[in-house]
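Presented below is the structure to which this report refers.
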Amino acid sequence: MARSLWSGSLSFGLVNVPVQLVTAARDLDFHFHQLHEKDKARIEQRRFCTEEDVEVGWEEVAHSYDLDGKKVVVTDEELASVQPRKTRTIDIEAFVDLADVDPIYFDHPYFLVPAGESEGTMRAYRLLVAVMEKTERAALGRFVMRTKEYLAAVRVRDGALTLTTMLFHDEVRPTKPIPTGGKKPTKTQLDNAVALIEELSTEWKPDSYEDCYRERLRRVIQDKRKRRKIEAPEPEEQPSATPDLMAALEQTLANARAGRPIRAVAESDGDGDLESLDRDALYERASKAGVPGRSKMSKKQLIKALSED
């Protein structure tokens with residue numbers, strides 16, 4: 001199990017359940033070291049004073065905030081005066097319907113696991129899991145981790161309690177200043193779009209979605225280790241705006257119903273229509289044809305390879 005990041009009690013009313021907080025997400029990104037290209041030595045980052053051009057230690061670093069064009073310097077003691085009081089409880093303030101919580105407020109997920117194996121702790125933990133499963137409620141509360149107070153949602157996932165830190169309401173940008181288009185769509189356009197969404201609707205299966213960038217990066221690292229030549233594909237051109245919305249909706253719907261890539265244009269019997277296909281449709285054809293190196297090819301390279309196949 002992952003290392004505990006916080007330990008305390010989940011508290012509501014007079015009920016206290018000892019718990020530990022462990023992260024529910026894994027960092028699978030590739031992390032690179034910065035090197036001096038000339039001699040491959042590691043790069044160090046240091047703090048220098050722009051006035052005196054001398055290195056500055058952490059003990060000499062102060063903090064400032066720009067307010068109305070003026071620099072306000074704040075000391076460590078003054079910052080400490082506003083830090084939240086350190087507590088060891090997740091104080092539940094209310095229970096809400098999970099469906100009422102907008103996902104835009106969710107931040108980082110954690111697991112809440114029982115702290116200790118005493119009979120009382122395990123019984124209280126299982127009771128809370130069971131009642132939250134039955135009522136389909138999420139518990140909203142606050143807790144302090146390190147030097148920050150968090151708003152959090154506690155819910156059940158696969159028989160275990162999870163805690164997700166949340167954004168406060170003023171941290172979420174309002175949609176009012178965001179442009180949302182012009183005229184309302186026609187009934188026919190709306191009906192076609194609804195039919196397309198229904199055609200593409202499926203059950204949520206998280207293991208069906210993979211990080212394609214990470215997989216490509218893994219292959220590049222492996223190829224580099226084996227001293228293979230790495231060639232970057234040509235950048236894709238930005239697609240132009242749809243000139244005929246109805247025609248585009250109808251063709252997309254036809255593609256979905258026929259099992260073709262939804263961004264493919266109407267196909268012909270030969271290879272003369274390759275230029276009109278997007279890269280996804282070309283890649284699918286290249287996959288069926290067994291074209292080697294297709295994952296790294298640009299649209300032009302895929303067209304050339306399929307034409308020669």
**Prompt:** Is a salt bridge present between Glu44 and Arg42, judged by a nitrogen-to-oxygen distance below 4.0 Å?
**Reply:** no
**Prompt:** Got a sec, which pairs hit ring pair (Phe, Tyr, Trp, His ring centres under 6.0 Å) with one end in residues 170-193, sequence neighbours left out?
**Reply:** none
**Asked** Sub-3.5 Å donor-acceptor pair from the side chain of Arg126 to the main-chain atoms of Arg123, do we have one?
**Response** no
**Message:** Please enumerate all residues that pass side chain to side chain contact (heavy atoms under 4.5 Å, CB included) together with Asp39, with sequence neighbours excluded.
**Reply:** His36, Ala41
**Message:** Could you walk me through whether Met297 and Val291 satisfy the side-chain contact (heavy atoms from CB on, under 4.5 Å) test, starting with their C-alpha distance in whole Å, then the side-chain angles of each, then the deciding distance to 0.1 Å, before giving a yes or no?
**Reply:** CA-CA 10 Å; Met297 291 184 179; Val291 176; 3.9 Å; yes
**Item:** Residue pairs involving residues 205-218 (criterion salt bridge (charged side-chain N to carboxylate O under 4.0 Å, His left out); sequence neighbours excluded)
**Value:** Asp211-Arg214, Glu215-Arg218, Glu215-Arg219
**Request:** Please say whether more than 12 non-hydrogen atoms of neighbouring residues, nucleotides or ligands are located less than 6.0 Å from CZ in Phe32.
**Result:** yes
Using distance only, find each side-chain donor-acceptor pair of residues 96-104 under 3.5 Å and give its atom names and separation, not counting sequence neighbours.
{"residue": "Asp97", "atom": "OD1", "partner": "Arg137", "partner atom": "NH1", "Å": "3.0"}
{"residue": "Asp102", "atom": "OD1", "partner": "Ile104", "partner atom": "N", "Å": "3.0"}

**Asked** Would you say Glu250's side chain and Ala247's backbone share a donor-acceptor pair under 3.5 angstrom?
**Response** no
**Prompt:** Is Leu112 linked to Met132 within one hydrophobic cluster, defined over Ile, Leu, Val, Met, Phe, Trp and Tyr using a side-chain heavy-atom separation of less than 4.5 Å?
**Reply:** yes
**Request:** Would you check if Arg142 and Asp91 make a side-chain contact, meaning some heavy-atom pair closer than 4.5 Å?
**Result:** no
**Item:** Approximate separation, where rounding is to 0.5 Å, of Ser295 OG and Leu302 CG
**Value:** 9.5 Å
**Complete:** Nearest heavy-atom approach of Val129 to Gly159 is CG1-O, 3.8 Å
**Prompt:** Is the closest side-chain heavy-atom distance between Leu128 and Val131 below 4.5 Å?
**Reply:** yes
**Request:** Please list, chain by chain and in numerical order, all residues satisfying side chain to side chain donor-acceptor pair (under 3.5 Å) with Glu37, sequence neighbours excluded.
**Result:** none
**Request:** Answer yes or no: is there a donor N or O on one side and an acceptor on the other, between the side chain of Thr252 and the main chain of Ala248, under 3.5 Å?
**Result:** yes
**Prompt:** Which atom pair, heavy atoms only, marks the closest approach of Phe143 to Ala152?
**Reply:** CE2-CB, 4.0 Å
Please tabulate, one pair per line, all N/O donor-acceptor pairs under 3.5 Å involving side-chain atoms of residues 161-172, not counting sequence neighbours.
{"residue": "Thr162", "atom": "OG1", "partner": "Arg155", "partner atom": "O", "Å": "3.3"}
{"residue": "Thr165", "atom": "OG1", "partner": "His108", "partner atom": "N", "Å": "3.1"}
{"residue": "Thr165", "atom": "OG1", "partner": "His108", "partner atom": "O", "Å": "3.4"}
{"residue": "Glu171", "atom": "OE1", "partner": "Phe168", "partner atom": "N", "Å": "2.7"}

**Item:** Point-to-point distance, once rounded to the nearest 0.5 Å, from CD1 of Ile43 to CD of Gln45
**Value:** 9.5 Å
**Asked** So do the side chains of Phe95 and Ile92 get within less than 4.5 Å of each other, counting heavy atoms only?
**Response** yes
**Prompt:** Atom CD of Gln20 and atom CZ of Arg3: how far apart are they, to the nearest 0.5 Å?
**Reply:** 11.5 Å
**Message:** To the closest 0.5 Å, what do you measure between CZ (Arg173) and CD1 (Ile178)?
**Reply:** 8.0 Å
**Complete:** Between Asp107 and Pro109 the two heavy atoms that sit nearest each other are O-CD, 4.2 Å
Show me the side-chain donor-acceptor pairs of residues 193-204 shorter than 3.5 Å, one per line, residues at least two apart or across chains.
{"residue": "Ser201", "atom": "OG", "partner": "Ile197", "partner atom": "O", "Å": "2.6"}

**Item:** Any donor-acceptor N/O pair, Glu78 side chain to Thr75 backbone, under 3.5 Å
**Value:** yes
**Prompt:** With Tyr125, which residues qualify under ring-ring contact (aromatic ring centres under 6.0 Å, His included), at least two apart?
**Reply:** none
Less than 3.5 Å apart, which donor and acceptor atoms pair up between the side chains of residues 67-74 and the rest of the protein, not counting sequence neighbours?
none

**Prompt:** Would you say Tyr110 and Val154 make side-chain contact, with heavy atoms under 4.5 Å?
**Reply:** no
Distance-only donor-acceptor hits, side chain of residues 5-13, under 3.5 Å, sequence neighbours excluded:
{"residue": "Trp6", "atom": "NE1", "partner": "Val144", "partner atom": "O", "Å": "3.1"}
{"residue": "Ser11", "atom": "OG", "partner": "Asn16", "partner atom": "OD1", "Å": "2.9"}

**Message:** Could you measure the distance from the NZ atom of Lys187 to the CG atom of Asn192? Nearest 0.5 Å is fine.
**Reply:** 10.0 Å
**Prompt:** Do any N or O atoms from the side chain of Thr186 and from the backbone of Gln189 form a donor-acceptor pair under 3.5 angstrom?
**Reply:** yes
**Item:** Where Ala153 and Leu140 come nearest, the two heavy atoms and their spacing
**Value:** CB-CD2, 4.0 Å
**Prompt:** Could you give all pairs that pass the ring pair (Phe, Tyr, Trp, His ring centres under 6.0 Å) test and reach residues 40-94, with sequence neighbours left out?
**Reply:** none
**Taking every non-hydrogen atom, the tightest pair across Ala115 and Thr121** = O-CG2, 3.9 Å
**For Lys296, all residues meeting side chain to side chain donor-acceptor pair (under 3.5 Å), sequence neighbours excluded** = Asp223
**Item:** Salt bridge flag under 4.0 Å for residues Lys229 and Glu231
**Value:** yes
**Request:** Compare all side-chain heavy atoms of Leu282 with those of Leu306 and state whether any distance is below 4.5 angstrom.
**Result:** yes
**Prompt:** Do Tyr213 and Phe30 share a hydrophobic cluster, counting only Ile, Leu, Val, Met, Phe, Trp and Tyr and linking them when any side-chain heavy atoms are less than 4.5 Å apart?
**Reply:** yes
**Message:** Please say yes or no: joined through hydrophobic side-chain contacts below 4.5 Å, possibly via intermediate residues, are Phe111 and Leu21 part of one cluster?
**Reply:** no
**Message:** Check this for me: Arg157, atom CZ, are more than 12 non-hydrogen atoms of other residues, nucleotides or ligands nearer than 6.0 Å?
**Reply:** no
